[in-house]
Amino acid sequence: MQNMDEQIKIQYREILERFNKIIWTHKIQLCQANIYLEEKKHQNKIMSILSTLVSASAITNFAKLVSEEYIVPVVAVLSILLTYCTYKYKSENLDKKAAENERFASILHNLRNKYAGLLSDIKAGLYNKDEISKRRIQLEELEDIIYSGLVPYTSSKAVDAATIAIKDKQESTTTDEEIEKIVSSNLQL
């Protein structure tokens with residue numbers, strides 16, 4: 001960037017900040033989808049346990065291993081819990097919520113790639129100030145369209161998970177060492 005004039009550096013910095021925000025939002029959406037899917041697994045375990053307990057209690061009562069005066073209230077409570085959880089978990093529809101977060105993340109992934117392409121073209125000196133401004137405005141308009149639709153909910157837990165993924169694990173970063181190991185040598189610079 002030492003050969004860039006000051007105005008292009010200002011433009012580059014603004015586009016870089018938008019690119020960074022898109023990276024964060026993309027990762028947060030993916031983390032939220034994972035949270036929903038993990039929660040769904042947890043719910044399925046609870047439902048399996050409750051179903052097993054209700055069935056086991058009924059079988060125990062049938063076999064008369066436990067006195068009816070104890071087993072009937074236990075089965076009733078377990079049945080009520082099972083019914084409650086069935087309706088509660090069904091209404092949450094975590095699979096659908098996870099799919100919405102993944103869909104939005106996919107849209108953001110495309111936008112992220114467009115910003116990355118623009119940044120690399122600017123660094124390569126392919127655009128003048130006016131062309132950079134025009135491309136930036138086009139991307140801002142696309143970003144506005146994307147965010148004017150329904151943006152899926154994200155939690156602070158998803159933000160925390162994204163922070164670890166991006167800052168600590170550097171999931172959105174590719175090192176030269178990774179490229180050397182993965183990309184064939186005839187495609188490397």
Side-chain angles (χ1 to χ4, degrees), residues 1-45 94-147 149-189:
M1 284 194 11
Q2 61 270 21
N3 293 336
M4 276 188 208
D5 78 13
E6 284 305 309
Q7 290 177 333
I8 290 179
K9 283 182 183 179
I10 291 167
Q11 290 174 309
Y12 186 88
R13 177 63 189 196
E14 180 188 345
I15 294 166
L16 188 62
E17 287 178 18
R18 286 185 168 280
F19 174 67
N20 187 51
K21 289 175 184 172
I22 296 297
I23 288 173
W24 274 98
T25 306
H26 171 260
K27 184 54 77 175
I28 291 167
Q29 291 290 334
L30 289 177
C31 290
Q32 186 64 53
N34 289 337
I35 289 167
Y36 285 140
L37 294 174
E38 284 300 314
E39 197 172 318
K40 178 71 174 180
K41 284 181 191 176
H42 179 71
Q43 288 177 356
N44 286 342
K45 283 181 187 176
L94 296 176
D95 291 329
K96 182 180 177 192
K97 289 179 180 180
E100 289 170 359
N101 288 104
E102 288 172 342
R103 178 199 54 78
F104 194 72
S106 176
I107 292 167
L108 291 176
H109 184 265
N110 183 41
L111 183 60
R112 183 186 79 177
N113 288 345
K114 290 180 185 302
Y115 271 111
L118 177 58
L119 289 166
S120 64
D121 289 348
I122 293 169
K123 265 189 110 169
L126 300 180
Y127 295 122
N128 64 36
K129 291 174 266 202
D130 292 334
E131 292 168 328
I132 293 169
S133 183
K134 182 179 176 184
R135 293 279 297 135
R136 186 197 73 231
I137 290 169
Q138 289 171 342
L139 285 176
E140 288 170 355
E141 288 170 351
L142 178 58
E143 190 176 336
D144 288 343
I145 291 168
I146 290 169
Y147 282 102
L150 292 176
V151 178
Y153 168 81
T154 55
S155 64
S156 60
K157 188 175 177 183
V159 173
D160 294 342
T163 300
I164 292 168
I166 291 174
K167 289 185 176 181
D168 298 341
K169 296 180 180 178
Q170 297 186 337
E171 289 182 7
S172 293
T173 306
T174 305
T175 65
D176 290 339
E177 184 179 314
E178 287 176 308
I179 291 171
E180 289 172 12
K181 288 180 179 179
I182 297 171
V183 178
S184 63
S185 59
N186 64 317
L187 296 176
Q188 295 180 31
L189 294 177

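Only a predicted model underlies this, so the values are computations on that prediction, with no experimental measurement involved.
- Atoms CD1 and CZ, on I22 and R112 in that order, are 10.0 Å from each other to the nearest 0.5 Å.
- Taking the six-membered ring for Trp and thresholds of 30 and 60 degrees, Y147 and F104 have ring planes more than 60 degrees apart, a perpendicular arrangement.
- Across every non-hydrogen atom of I8 and I132, the tightest pair is CG2-CD1, 3.8 Å.
- Q32 approaches Y153 most closely through the heavy-atom pair CG-O, 3.4 Å.
- The stretch residues 127-140 participates, sequence neighbours left out, in these salt bridge (charged side-chain N to carboxylate O under 4.0 Å, His left out) pairs: D5-K129, E14-R136, R18-E140, R136-E140.
- Of all heavy-atom pairs between I28 and A158, the closest is O-CB, 3.7 Å.
- C31 and A162 get closest at one heavy-atom pair: SG-N, 3.6 Å.
- Taking a cutoff of 4.0 Å between a charged side-chain nitrogen and a carboxylate oxygen, K9 and E6 qualify as a salt bridge.
- Residues N113 and H109 meet the side-chain proximity criterion, which asks for heavy atoms closer than 4.5 Å.
- The two residues L94 and Y36 come nearest to each other via the heavy atoms CD2-CD2, 3.5 Å.
- For the pair Q29 and A105, the tightest heavy-atom approach, listed with the atom from each and the gap, is CB-CB, 3.9 Å.
- Using a 4.0 Å cut-off between charged nitrogen and carboxylate oxygen, E100 and K97 do not count as a salt-bridge pair.
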